[in-house]
There are 2 protein chains.
Amino acid sequence: MSVTIKDVAKMVGVAPSTVSRVIANHPRISAETSKKVRKAMEDLGYHPNVMAKSLVSKTTRTIGVVLPRPAEELLLNFFFYELIRGVLAQLTRSNYDLLMAGGSNEHEELETVTRLVRSGRVDGLLLLYSRASDPVIHFLHEEKVPFVLLGRSLDYEDVPSVDNDNVQAAFDATNHLIAQGQKRIGFVSGPSKLAMTQDRLMGYRKALTEAGLPFKDSWVVEGEFLLESGYRAMAYIMSQPEPPTALVVIDDVVAFGVLKGLTELNYRIPQDVAIVSFNNIALTELTMPPLSSVDVGTYQLGYTASQMVLRMIQQVEITARQIIPHRLVVRESSLLTVPPHA
Amino acid sequence: MSVTIKDVAKMVGVAPSTVSRVIANHPRISAETSKKVRKAMEDLGYHPNVMAKSLVSKTTRTIGVVLPRPAEELLLNFFFYELIRGVLAQLTRSNYDLLMAGGSNEHEELETVTRLVRSGRVDGLLLLYSRASDPVIHFLHEEKVPFVLLGRSLDYEDVPSVDNDNVQAAFDATNHLIAQGQKRIGFVSGPSKLAMTQDRLMGYRKALTEAGLPFKDSWVVEGEFLLESGYRAMAYIMSQPEPPTALVVIDDVVAFGVLKGLTELNYRIPQDVAIVSFNNIALTELTMPPLSSVDVGTYQLGYTASQMVLRMIQQVEITARQIIPHRLVVRESSLLTVPPHA
DNA sequence: TTGAAAGCGCTAACAT
DNA sequence: ATGTTAGCGCTTTCAA
């Protein structure tokens with residue numbers, strides 16, 4: 001049998017409520033009683049029963065993280081992991097716990113969220129990517145549950161979210177290639193229903209337009225956030241009569257596939273094809289050649305999102321949409337000493 | 001206000017206890033009542049309050065995962081992530097939730113675990129690596145809390161754990177190199193206090209001994225599970241008068257650093273230096289050249305460990321130590337067409 | 001087969 | 001400043 005508030009009360013010779021007040025740092029409690037109670041708690045190894053506490057307070061000090069359904073989207077891997085690190089750091093600091101819940105398809109995902117919310121298991125939620133017409137967002141919006149989206153909602157304008165300026169990020173990445181003298185720039189994309197994909201594609205197009213460079217449909221390949229995706233894209237994109245001499249790639253892991261594909265096809269990087277990608281995961285430094293990548297502040301993304309849900313739970317006013325700054329990290333994969341031949 | 005068991009009872013015109021029995025699939029309940037109650041639950045969108053339930057049942061249907069303190073050990077990254085995937089899959093299947101708790105140092109880690117256990121937040125725990133004289137293991141052992149170790153305890157023989165036969169795995173990896181005609185084989189190692197490191201080192205030595213090959217201290221470099229660790233090791237290990245012509249590397253990510261280091265030093269892989277590593281994460285296929293690696297069944301490791309805690313919680317007898325089979329996946333980094341010159 | 005009542009450990013009025 | 005009491009939503013004897 002675990003030690004309860006009653007045991008502590010009995011030991012000190014006070015009422016349970018007094019012990020409760022000591023725990024809650026109630027103002028009107030004598031220093032002396034407080035000290036005795038604390039000592040007793042220590043001696044008995046007392047830890048408050050969170051379930052009982054939650055039952056009456058209707059709060060859990062727990063934030064749920066809903067994993068996007070497996071494989072493809074999830075395996076943003078290092079990126080995802082770094083995100084969780086940021087989330088965990090902030091939550092731990094605030095004495096909140098993290099509940100991870102899966103769901104292997106869209107239906108299950110909604111079911112899980114419904115359960116977590118309705119059964120009072122979490123005080124708030126973090127959603128790890130936004131899709132078009134996401135039923136989960138719809139549900140949470142209706143129920144007025146505190147939640148923060150990592151990314152951007154395509155359906156609701158005012159959903160609290162933490163995001164990068166992906167349009168600008170892709171614009172910057174593309175412009176970097178343009179500044180290197182690149183004229184034929186392609187885009188290896190992700191799933192088109194993700195807001196992130198759409199934004200980055202838009203930034204890429206904008207940069208081309210402003211520079212008066214051609215945009216060709218055949219230079220844009222849609223795929224998943226998978227290694228194979230980038231690999232396969234190369235067979236297609238490079239078999240064209242006029243293949244691009246530079247590529248903007250949606251994600252580092254996809255870029256690894258791109259590197260692999262290009263190398264097998266005997267293209268030199270960056271001389272024949274220059275590459276810039278996104279997320280700047282640790283491995284980007286270690287590929288051959290090292291990969292230029294836009295650092296999107298992954299850790300900070302997670303950290304900020306957590307901070308935001310916590311604020312919402314405490315009813316503190318928040319700005320609905322926070323933008324984490326990005327920064328292009330230039331490495332060899334995009335650096336040309338001599339401009340590409342036209 | 002959320003809908004409770006009382007609301008359901010009132011709607012149907014039965015007692016709350018009857019509703020409770022329906023939920024629990026109590027045998028002695030009429031099919032008719034059961035049907036009516038279920039219908040009402042559906043109509044009202046009833047979800048049991050987990051806190052109330054936990055309070056009386058003293059169980060939470062939650063398993064805690066304790067993260068090893070950050071950075072170094074944690075960043076086994078892909079490996080770690082794949083593990084969590086396995087854990088989550090099994091827990092979700094069994095309707096358990098996953099609570100992740102951090103701790104940035106050994107002290108904090110113990111504190112977190114103590115809190116989770118004493119406050120009744122979790123029914124069981126998963127520990128993600130074993131160190132020598134780990135206070136957390138000691139605590140859990142004393143408290144008789146159901147927990148499973150991923151790895152091996154250096155202190156207790158009978159701690160429930162899921163592990164690979166790391167001695168054999170390293171033995172196999174090393175033998176593969178030997179079979180290729182390699183005679184000077186080095187070892188890029190991890191933190192020496194981890195059981196995993198010790199086991200793999202032992203397997204490596206065993207293979208050398210059995211083949212009558214020399215073991216040299218200077219061919220073994222201790223490091224972290226970091227990219228830089230492998231990178232730096234190369235500067236040291238290859239500057240010797242007689243450097244190894246093959247390397248067994250503790251982890252894929254470390255091996256990436258090794259690849260990088262060797263390439264910069266103008267060694268060709270596998271002609272000058274052959275490489276085999278461990279964990280077989282997805283990226284191993286994509287390096288130049290693709291990396292031979294021992295697949296340790298990461299997903300299964302997590303899956304099995306979860307299964308095991310659940311069994312312990314249900315008081316089902318378990319075998320204290322489960323071994324997940326490994327399998328060497330040979331790729332180009334270790335494949336020699338011509339034996340290395342002596 | 002079902003209902004009534006007690007109680008899980010805690011907090012929060014309301015007293016004193 | 002502290003004690004008394006009721007109740008959070010649920011399960012579980014004990015009765016009927």
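So you know, we letter chains A, B, ... as the sequences are listed, proteins then strands, and number each from 1.
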### Task
Kindly say if A:Lys58 contacts the phosphate of C:dT11, meaning a side-chain N or O under 4.0 Å from OP1 or OP2.
no
### Query
How far apart are the closest heavy atoms of A:Thr298 and A:Leu83, and which atoms are they?
O-CD1, 3.4 Å
### Task
Would you mind checking if A:Lys35 and A:Glu32 are paired as a salt bridge, meaning a charged N to carboxylate O distance below 4.0 Å?
no
### Query
If only atom types and distance count, is the side chain of A:Thr18 paired as donor or acceptor with the main-chain N or O of A:Val14 below 3.5 Å?
no
### Message
I need the NZ-P distance between A:Lys6 and C:dT11, as an integer number of Å.
### Response
14 Å
### Whole-Å gap separating C1' (D:dG7) and NZ (A:Lys53)
18 Å
### Query
Tell me, which of residues 15-34 of chain B have any heavy atom that sits under 4.0 Å from an atom in DNA chain C?
B:Ala15, B:Ser17, B:Thr18, B:Arg21, B:Arg28, B:Ile29, B:Ser30, B:Thr33
### Query
According to the side-chain hydrogen bond (donor to acceptor under 3.5 Å, both in side chains) rule, which pairs have a member within residues 306-319 of chain A, sequence neighbours left out?
none
### Query
Rounded to the Å, how far apart are A:His47 NE2 and C:dG9 P?
16 Å
### Query
If you pin B:Gly13 and B:Ala52 to their nearest nucleotides in DNA chain C, which one's is more 5'?
B:Gly13
### Task
Taking only Lys NZ, Arg NE, NH1 and NH2, and the carboxylate oxygens of Asp or Glu, determine whether B:Glu157 and B:Arg321 approach each other closer than 4.0 Å.
no
### Summary
the helix from C:dT1-D:dA16 to C:dT16-D:dA1: angle between terminal helix axes, five bp per end, to the nearest 10 degrees, reads 40°
## Note on the structure
Taking D:dC8, C:dC8, D:dT11 as options, the one with an atom nearest any side-chain atom of A:Leu55 is D:dC8
### Task
Can you tell me the distance, in whole Å, between the CE atom of A:Met51 and the C1' atom of C:dG7?
18 Å
### Message
Between the side chains of A:Glu82 and A:Arg85, is the shortest nitrogen-to-carboxylate-oxygen separation below 4.0 Å, so that they form an ion pair?
### Response
yes
### Task
Let me know the distance between CD1 of A:Ile5 and C1' of C:dC8, rounded to the nearest Å.
13 Å
### Query
So does B:Arg121 pair up with A:Asp97, basic N to acidic O under 4.0 Å?
yes
### Query
Under 3.5 Å, is there a donor-acceptor pair between the side chain of A:Arg115 and the main chain of B:His47?
no
### Query
So, B:Asn164 side chain and B:Ile324 main chain: donor-acceptor pair closer than 3.5 Å or not?
yes
### Task
Let me know, please, whether A:Val14 or B:Asn49 comes out on the 5' side of the other along DNA chain D by nearest nucleotide.
A:Val14
